[in-house]
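Position 1 is the first residue of the sequence; numbering continues from there.
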Amino acid sequence: MDENGSLYLNCSLINAYSKAIKAVKISCKGFNSFNEKILIDQKEDFTFTIQDIFLRAGYKCDLKNVVKLPNSEIRKVDLEIIQILCEDGTIENIPNPIWVKGYQKKLPEKYAEMAKSENRNANYYSIAMEDYWQCTCGYVNNRKCERCFSCNMDKVSSMGYTEDYIEISYKLFCDKKEKDLKIEEQKEEEKKIALEKLKKKKKIITIILGIILSIALVISGINFYTNWQEDKTKQAQEQEFLDSIKGEFVFIFLLDHKDDIILTIEGTDIDMNDSSGTIIRTDGDSFYVEWTAGSEKKGVEEFKRIQGDNGYDVSYNGIYLRKNK
């Protein structure tokens, strides 16, 4: 009611049709607080039009103060949509409305798992009638609607939950569940077999690697022992030779070149300032010197001075003097 005492109609529209709606024509009957009819121009009803809307299929819109009521005594109204204008310009005449008394029969617990697997809002038997169908969520839909306006469940799936058909649906559901369970068990068994094969394969690989490692350790031990024996034999031979020359100072170096300035002929004298010696023995590409004058250390240092620029890496350790490769 406005400041002038006029009454306006507020209403909500839900488009349960398959097309978008641009306008609706509505028939209205008015009643006072005592539910007595209010006549308008001696008629029980009057019509009005709601225009310039765009209500898409499946959507709702709230309309406030869209129509001024023709009588200020009206407190309640019955509304009936008689025509709609679709977005494509077609005009649909709406037949007399059908009043459907809600009948929502609860689904037994037996079917709960099956129903919830398709629609989490499923709680009731569905109903199929000539002019409407009732979804498992309990909502009544126009027969032309292919999906429930409330929960969006498709009509074909919902019809599997009628009292006449639900036992067949349940048997199909149980058969599928059993089949899926067998498939899952088979997958688990195949997975278990594959895991056992993998474990056996890993075990075999571990054994093979262990054998290879053992063989490698044995070979390494044999090589180590052989090298150790060879080194021990060589050391013994060298010690035997050192013992045989009774303290003679020995130089050993490898001779690769024919133009070495020191002749490796037994009996050749070597004179290096304060030190001198005689080659007393040759052995392959090595030779041995017995010092007859000067100290052994001075002889080595003098040999370094003379031979150091000719490719010899000379070091004094009391025994060896080797050529630098």
Participant: Taking atom types as modelled, find out whether Gln83 and Asn93 have a side-chain donor-acceptor pair closer than 3.5 angstrom.
Facilitator: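 Yes, a side-chain donor-acceptor pair sits under 3.5 Å.
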Participant: Compute whether any side-chain donor of one residue and acceptor of the other, for Lys76 and Asn35, lie under 3.5 angstrom apart.
Facilitator: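 Looking only at side-chain atoms, Asn35 and Lys76 do form a donor-acceptor pair, the distance falling under 3.5 Å.
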Participant: Taking Asn32 for its side chain and Ile74 for its backbone only, find out whether a donor-acceptor pair lies under 3.5 Å.
Facilitator: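 Not at all, since once roles are kept as given, no pair shorter than 3.5 Å links the two residues.
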Participant: Report whether Ile81 and Leu9 are members of the same hydrophobic cluster (ILVMFWY, side-chain heavy atoms less than 4.5 Å apart, transitive linking).
Facilitator: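 Yes; tracing contacts between hydrophobic side chains, which count when under 4.5 Å, links both residues.
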Participant: Please check if Phe48 and Leu69 belong to a single hydrophobic cluster, counting links between Ile, Leu, Val, Met, Phe, Trp and Tyr side chain heavy atoms closer than 4.5 Å.
Facilitator: yes
Participant: For Gln229, is the CD atom crowded, meaning more than 12 foreign heavy atoms sit under 6.0 Å from it?
Facilitator: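 For Gln229, atom CD is crowded (more than 12 foreign heavy atoms under 6.0 Å).
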Participant: Checking Asp131 side chain against Met129 main chain: does a donor-acceptor pair fall under 3.5 Å?
Facilitator: no
Participant: Hydrogens and angles aside, do Ser157 and Asp154 bring a side-chain donor and acceptor to less than 3.5 Å of each other?
Facilitator: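 Yes, a side-chain donor-acceptor pair sits under 3.5 Å.
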Participant: Between Lys64 and Tyr8, is NZ or CZ placed under 6.0 angstrom from the six-membered ring centre and within 45° of the ring axis?
Facilitator: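 No, cation not above the ring by the 6.0 Å, 45° rule.
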Participant: Do the side chains of Leu63 and Phe46 join up, straight or via other hydrophobic residues, at under 4.5 Å, putting them in one cluster?
Facilitator: yes
Participant: Hey, is NZ on Lys187 packed in by over 12 heavy atoms from elsewhere, all under 6.0 Å?
Facilitator: no
Participant: Checking Asp88 side chain against Thr90 main chain: does a donor-acceptor pair fall under 3.5 Å?
Facilitator: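 Checked: pair present.
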Participant: Please list, chain by chain and in numerical order, all residues satisfying side chain to side chain donor-acceptor pair (under 3.5 Å) with Glu196, sequence neighbours excluded.
Facilitator: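 Result, side chain to side chain donor-acceptor pair (under 3.5 Å) vs Glu196: none returned.
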Participant: By side chain to side chain donor-acceptor pair (under 3.5 Å), which residues pair with Ser169, not counting sequence neighbours?
Facilitator: none
Participant: Taking Leu79 as the starting point, is it possible to reach Ile38 by hopping between hydrophobic residues whose side chains are less than 4.5 Å apart?
Facilitator: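 In one cluster with Ile38: Leu79, yes.
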Participant: What's the shortest heavy-atom distance between Ile21 and Val24, and which atoms?
Facilitator: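 Scanning both residues completely, I find the closest heavy atoms to be CG2-CG1, 3.7 Å.
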Participant: How long is the span from the NZ atom in Lys155 to the SG atom in Cys145, to the nearest 0.5 Å?
Facilitator: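 One finds 8.5 Å between NZ of Lys155 and SG of Cys145.
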Participant: Is Glu163 paired with Lys105 through a side-chain N to carboxylate O contact shorter than 4.0 Å?
Facilitator: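 Looking at Lys105 and Glu163, the cut-off is met.
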Participant: List, by chain and number, the other hydrophobic cluster members for Phe34, where Ile, Leu, Val, Met, Phe, Trp and Tyr join if side-chain heavy atoms come within less than 4.5 Å, directly or indirectly.
Facilitator: none
Participant: Please go through Ile166's hydrophobic cluster and name the other residues, only I, L, V, M, F, W, Y counting, with side-chain heavy atoms under 4.5 Å joining them.
Facilitator: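 Leu107, Tyr111, Met114, Tyr125, Met153, Tyr161, Tyr170, Phe173, all in the cluster of Ile166.
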Participant: Supply the atom-to-atom distance Ile84 CD1 to Ile91 CD1, rounded to the nearest 0.5 angstrom.
Facilitator: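 Answer for the CD1-CD1 pair, Ile84 versus Ile91, is 10.0 Å.
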Participant: Identify the heavy atoms of Ile53 and Ala23 that sit nearest to each other, and give their distance.
Facilitator: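 The pair with the smallest heavy-atom distance is CG1-N, 4.1 Å.
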Participant: What's in the same ILVMFWY side-chain cluster as Ile205, cut-off under 4.5 Å, chained through other members?
Facilitator: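 Answer for Ile205: Leu209.
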Participant: Nearest heavy-atom pair of Asp45 and Ser27: which atoms, and what distance?
Facilitator: OD2-OG, 3.5 Å
Participant: Please report the closest heavy-atom contact between Cys148 and Cys137, naming both atoms and the distance.
Facilitator: SG-SG, 3.6 Å
Participant: Counting distance only, does the side-chain N/O of Thr162 pair as donor-acceptor with the main-chain N or O of Ile127 below 3.5 Å?
Facilitator: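 Not confirmed, Thr162 side chain does not pair with Ile127 backbone.
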Participant: Any ion pair linking Lys179 and Asp175 (charged N to carboxylate O, less than 4.0 Å)?
Facilitator: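 Judged by the 4.0 Å cut-off on N to carboxylate O distance, Asp175 and Lys179 do not form a salt bridge.
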Participant: If you count every heavy atom of other residues, nucleotides or ligands that lies below 6.0 Å from Lys25 atom NZ, does the total exceed 12?
Facilitator: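 Counting other residues, nucleotides and ligands, NZ of Lys25 stays at 12 neighbours or fewer.
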Participant: Considering all heavy atoms of both residues, which atom of Tyr165 and which atom of Gly160 are nearest to each other, and what is their separation?
Facilitator: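 That closest heavy-atom pairing would be CD2-CA, 3.6 Å.
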Participant: Would Arg56 and Glu87 pass as an ion pair if we require N to O under 4.0 Å?
Facilitator: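 Looking at Arg56 and Glu87, the cut-off is not met.
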Participant: Output the distance between atom CD (Gln134) and atom OH (Tyr139), rounded to the nearest 0.5 Å.
Facilitator: 11.5 Å
Participant: Report the C-alpha distance between Lys192 and Glu188 in whole Å, list the side-chain angles of each, state the deciding distance to 0.1 Å, and finish with yes or no for side-chain contact (heavy atoms from CB on, under 4.5 Å).
Facilitator: CA-CA 6 Å; Lys192 184 178 179 181; Glu188 287 296 324; over 6 Å; no
Participant: With a 4.0 Å cut-off, would you call Glu167 and Lys110 a salt bridge?
Facilitator: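 Answer for the salt bridge query: yes.
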Participant: If only atom types and distance count, is the side chain of Arg75 paired as donor or acceptor with the main-chain N or O of Ser33 below 3.5 Å?
Facilitator: no
Participant: How would you list, by chain and number, every residue that makes a side chain to side chain donor-acceptor pair (under 3.5 Å) with Glu190, sequence neighbours excluded?
Facilitator: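 Side chain to side chain donor-acceptor pair (under 3.5 Å) list for Glu190, sorted by chain: Gln186.
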Participant: Which heavy atom of Lys116 sits nearest to which heavy atom of Ala122, and what is that distance?
Facilitator: NZ-O, 3.2 Å
Participant: Grouping I, L, V, M, F, W and Y whenever their side-chain heavy atoms are under 4.5 Å apart, do Ile50 and Leu55 come out in a common cluster?
Facilitator: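 Looking at the clustering, Leu55 is in the same group as Ile50.
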Participant: Working to the nearest 0.5 Å, report the span between CD of Gln104 and OG of Ser126.
Facilitator: 12.5 Å
Participant: Apply the test side-chain contact (heavy atoms from CB on, under 4.5 Å) to residues Leu181 and Glu185: give CA-CA distance (whole Å), side-chain angles for both, the deciding distance (0.1 Å), then the verdict.
Facilitator: CA-CA 6 Å; Leu181 182 61; Glu185 289 176 349; 3.9 Å; yes
Participant: Quick check against the 3.5 Å criterion: does Trp133 have a side-chain atom that pairs as donor or acceptor with the backbone of Glu146?
Facilitator: no
